[in-house]
Amino acid sequence: MALTKAQLRERVAKHLKIKAIDVPLSAEHASEIDDAIDDSRAELKELGLCWWGSEAIPQSCVFALTLIIAAQACTKVGKAGQGYEAGDGDGRTRLAKLKPSTDISTVAADYF
């Protein structure tokens, strides 16, 4: 099962404890987290640690991405200095372990 960017945003907000279950996320916080998602995805893609589409995040990668994005967004949402920054390294290590051994961007089916 794959998750969307919006679902990842919600998980990051809950991880940062800026969203209660029954309260919608503020537009400002949503925007800050979305920026962190986009920036992190671009960087991870450049490093070869992102092999999925922006709206098809593998379930197995969600926890690692939550840690990475929370580390990137914590300062912008008023949660700096509360330990979230340390999640960046742990998240990247977890993603590296999950990365397929084959470069799936070059594996294409031939149709005749």
Side-chain angles (χ1 to χ4, degrees):
M1 177 180 171
L3 272 70
T4 65
K5 180 179 174 181
Q7 291 170 311
L8 179 59
R9 178 192 329 117
E10 292 292 311
R11 286 180 182 239
V12 171
K14 288 176 188 172
H15 180 74
L16 289 170
K17 297 177 181 70
I18 59 173
K19 181 189 180 314
I21 293 172
D22 56 348
V23 179
L25 187 61
S26 75
E28 181 181 354
H29 283 162
S31 176
E32 296 292 355
I33 293 172
D34 281 348
D35 288 346
I37 291 170
D38 294 340
D39 295 345
S40 295
R41 185 177 192 289
E43 182 181 5
L44 292 170
K45 192 169 178 116
E46 192 69 28
L47 294 171
L49 294 175
C50 178
W51 58 90
W52 56 86
S54 62
E55 294 296 320
I57 303 162
Q59 181 73 38
S60 61
C61 299
V62 172
F63 182 69
L65 285 174
T66 299
L67 294 175
I68 294 167
I69 294 159
Q72 300 296 323
C74 67
T75 302
K76 296 177 182 180
V77 299
K79 294 289 189 167
Q82 297 181 22
Y84 296 108
E85 295 90 345
D88 187 67
D90 185 34
R92 289 171 190 256
T93 301
R94 288 172 181 264
L95 274 183
K97 289 178 182 177
L98 293 170
K99 187 176 187 296
S101 59
T102 305
D103 181 6
I104 62 171
S105 65
T106 61
V107 178
D110 292 325
Y111 295 98
F112 297 99

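No experiment lies behind these values; they were computed from the predicted model shown.
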Does R92 reach the side chain of E43, with side-chain heavy atoms less than 4.5 Å apart?
yes

Is any side-chain heavy atom of R41 closer than 4.5 Å to a side-chain heavy atom of C50?
yes

Once rounded to the nearest 0.5 Å, what's the spacing between atom [atom1] of [X] and atom [atom2] of [Y]?
X   : Y   : atom1 : atom2 : answer
D38 : S54 : CG    : OG    : 8.0 Å
L3  : E10 : CG    : CD    : 11.0 Å
H15 : I33 : NE2   : CD1   : 11.0 Å
D88 : Q72 : CG    : CD    : 5.0 Å

Heavy-atom closest pair, residues [X] and [Y]:
X   : Y   : answer
G87 : L67 : O-CB, 3.5 Å
L8  : I69 : CD2-CD1, 3.5 Å
F63 : R94 : CE2-CZ, 3.4 Å
A30 : L25 : CA-CD2, 3.7 Å
A64 : G91 : CB-O, 3.4 Å
K14 : K19 : CG-O, 4.2 Å

Please list all pairs meeting ring-ring contact (aromatic ring centres under 6.0 Å, His included) that have one or both residues in residues 18-38, counting only residues at least two apart or in different chains.
none

Before accepting this row, confirm whether a basic side-chain N of the pair E32/R9 lies closer than 4.0 Å to the acidic partner's carboxylate O.
no

Is L95 reachable from Y84 through a run of hydrophobic residues whose side-chain heavy atoms are each under 4.5 Å from the next?
yes

Extract all donor-acceptor atom pairs below 3.5 Å that involve side chains of residues 74-81 and protein atoms in other chains or at least two apart in sequence.
none

Identify the residue among L44, I37, L49 that makes a side-chain contact (heavy atoms from CB on, under 4.5 Å) with L65.
L44

Considering residues, nucleotides and ligands other than Q59, do more than 12 of their heavy atoms fall under 6.0 Å from its CD?
yes

Other residues, nucleotides and ligands only: do more than 12 of their heavy atoms fall within 6.0 Å of CD on Q82?
yes

Side-chain (T93) to main-chain (G89) donor-acceptor, under 3.5 angstrom
yes

Sidechain-backbone polar pair: Q7 side chain, T4 backbone, donor-acceptor under 3.5 Å:
yes

